[in-house]
Amino acid sequence: MSFIEQSDYDRIMECMPIPCVDVVLVHKGSALMVKRENRPAKGEWWLPGGRIQKGESLAEAACRKIEEEAGCAVKLGGIIHVGDTVFDDGPTRVAVHTINICFAGAVDEMPTGIVLDSQHHVFQWVNVIPDSVHPYIEKCLLGAGFKRG
């Protein structure tokens, strides 16, 4: 995999949306939420997910992001929501527009627990949709069958 210079990536983010995947990861009837440490949406509860890499299928990206962000393998289900987000304050203070594809996912057996990546330091399992989540996250959780709190 190759990467481009940050200045080039910032220019891309200024001009076009970025494709991303997210996963409603369910274990024993609850969904995993992670608190974002980075912009955009810093400090907000979110779902594990992120950008799709070139040559990677949507499903491959979703499985990779769960492994990277939660440290476990996922049994991936179908797409439960497609939406987009727009944030004025992206990762390098450049506005970012993402096109998001959200999958349902499950784990039968949790290894030794969730192992978060450097982008998240706190997680929670929820069995209802928290009141203050971003509208995109609410739609994903609704698509996975969760009810409002």
Side-chain angles (χ1 to χ4, degrees), residues 1-6 8-9 12-13 16-87 89-92 96-149:
M1 169 177 42
S2 62
F3 291 92
I4 60 174
E5 295 295 324
Q6 187 63 53
D8 292 335
Y9 189 68
I12 291 168
M13 285 193 296
M16 60 190 308
I18 304 299
C20 295
V21 293
D22 296 294
V23 179
V24 176
L25 181 65
V26 177
H27 179 61
K28 296 183 178 179
S30 294
L32 177 68
M33 297 192 72
V34 292
K35 188 170 271 192
R36 293 183 55 90
E37 292 289 326
N38 302 330
R39 291 183 309 271
K42 183 176 180 174
E44 290 187 37
W45 288 104
W46 211 260
L47 300 170
R51 292 175 285 206
I52 302 163
Q53 296 174 353
K54 185 170 181 162
E56 188 174 50
S57 73
L58 298 174
E60 289 168 339
C63 291
R64 175 181 56 81
K65 291 310 296 181
I66 289 294
E67 179 66 35
E68 288 175 359
E69 294 189 8
C72 60
V74 62
K75 289 183 179 180
L76 202 60
I79 294 171
I80 56 175
H81 181 66
V82 176
D84 63 346
T85 59
V86 178
F87 294 99
D89 190 17
T92 59
V96 63
H97 176 187
T98 61
I99 299 169
N100 308 304
I101 298 95
C102 188
F103 285 87
V107 288
D108 290 332
E109 295 293 324
M110 196 55 65
T112 56
I114 297 297
V115 180
L116 299 176
D117 67 355
S118 64
Q119 296 181 54
H120 310 93
H121 292 106
V122 179
F123 70 91
Q124 65 177 341
W125 292 96
V126 299
N127 56 18
V128 295
I129 301 170
D131 291 333
S132 60
V133 295
H134 189 278
Y136 164 73
I137 299 301
E138 180 178 20
K139 289 175 185 171
C140 292
L141 291 168
L142 284 169
F146 287 86
K147 305 292 182 210
R148 292 179 178 93

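Just so it is clear, the structure is predicted and the values come from calculations on it, not from any experiment.
Using a 4.5 Å heavy-atom threshold, the side chains of K147 and N127 count as separate. Between V86 and P17 the shortest side-chain heavy-atom distance does not fall below 4.5 Å. With a 4.5 Å cut-off on side-chain heavy atoms, R148 and L142 count as touching. Side chains of I18 and M13 form a contact here, defined as non-hydrogen atoms less than 4.5 Å apart. Taking the side chain as every heavy atom from C-beta outward, P48 and M33 never approach each other to under 4.5 Å.
Here the shortest heavy-atom pairing between D22 and G50 reads OD1-N, 4.2 Å. Considering every non-hydrogen atom in both W45 and I137, the closest pair reads O-CG1, 4.3 Å. F103 and G77 get closest at one heavy-atom pair: CD2-O, 3.5 Å. The two atoms that bring I52 and A61 nearest to each other are CG1-CB, 4.0 Å, heavy atoms only. For L47 against L32, the heavy-atom pair with the smallest separation is CD2-O, 3.7 Å. In terms of heavy atoms, V96 sits closest to P40 at CG1-CG, 3.7 Å.
For E67 and R64, the salt-bridge test fails: no basic side-chain N is under 4.0 Å from an acidic carboxylate O.
Taken to the nearest 0.5 Å, the SG atom of C20 stands 9.0 Å off from the CD1 atom of I99. For the atom pair CH2 of W46 and CD of E69, the computed distance is 12.0 Å after rounding to the nearest 0.5 Å. Expressed to the nearest 0.5 Å, how far NE2 of H120 lies from CD of E37 amounts to 8.0 Å. Atom CZ of R51 sits about 12.5 Å away from atom CG of N100, to the nearest 0.5 Å. Taking CG of D89 as the start and NZ of K42 as the end, the distance is 9.5 Å to the nearest 0.5 Å. A distance of 11.0 Å separates CG of L58 from SG of C63, quoted to the nearest 0.5 Å.
Proximity of the aromatic rings of Y136 and H81 is defined here by a centroid distance below 6.0 angstrom, and this criterion is met.
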**Message:** For a side-chain contact (heavy atoms from CB on, under 4.5 Å) check, start with the C-alpha distance between K65 and V21, then their side-chain angles and the critical distance, and finish with the verdict.
**Reply:** CA-CA 8 Å; K65 291 310 296 181; V21 293; 4.3 Å; yes

**Message:** Using the rule given for side-chain contact (heavy atoms from CB on, under 4.5 Å), can you reason through F146 versus V26, listing the C-alpha separation, both sets of side-chain angles and the distance that settles it, and then say yes or no?
**Reply:** CA-CA 10 Å; F146 287 86; V26 177; 3.9 Å; yes

**Message:** Walk me through whether D84 and T98 qualify under side-chain contact (heavy atoms from CB on, under 4.5 Å).
**Reply:** CA-CA 5 Å; D84 63 346; T98 61; 5.6 Å; no

**Item:** Test side-chain contact (heavy atoms from CB on, under 4.5 Å) applied to H134 and F87, step by step
**Value:** CA-CA 11 Å; H134 189 278; F87 294 99; 3.9 Å; yes

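A donor-acceptor distance shorter than 3.5 angstrom exists from the side chain of R39 to the backbone of G90, with no hydrogens or angles considered. The backbone N or O of I129 lies less than 3.5 Å from no partner atom in the side chain of E138, so there is not a single donor-acceptor pair. With hydrogens and angles ignored, the 3.5 Å screen pairs a side-chain donor or acceptor of H27 with a backbone N or O of V107. The main-chain N or O of Q53 is found under 3.5 Å from a side-chain atom of E56 such that the two form a donor-acceptor pair.
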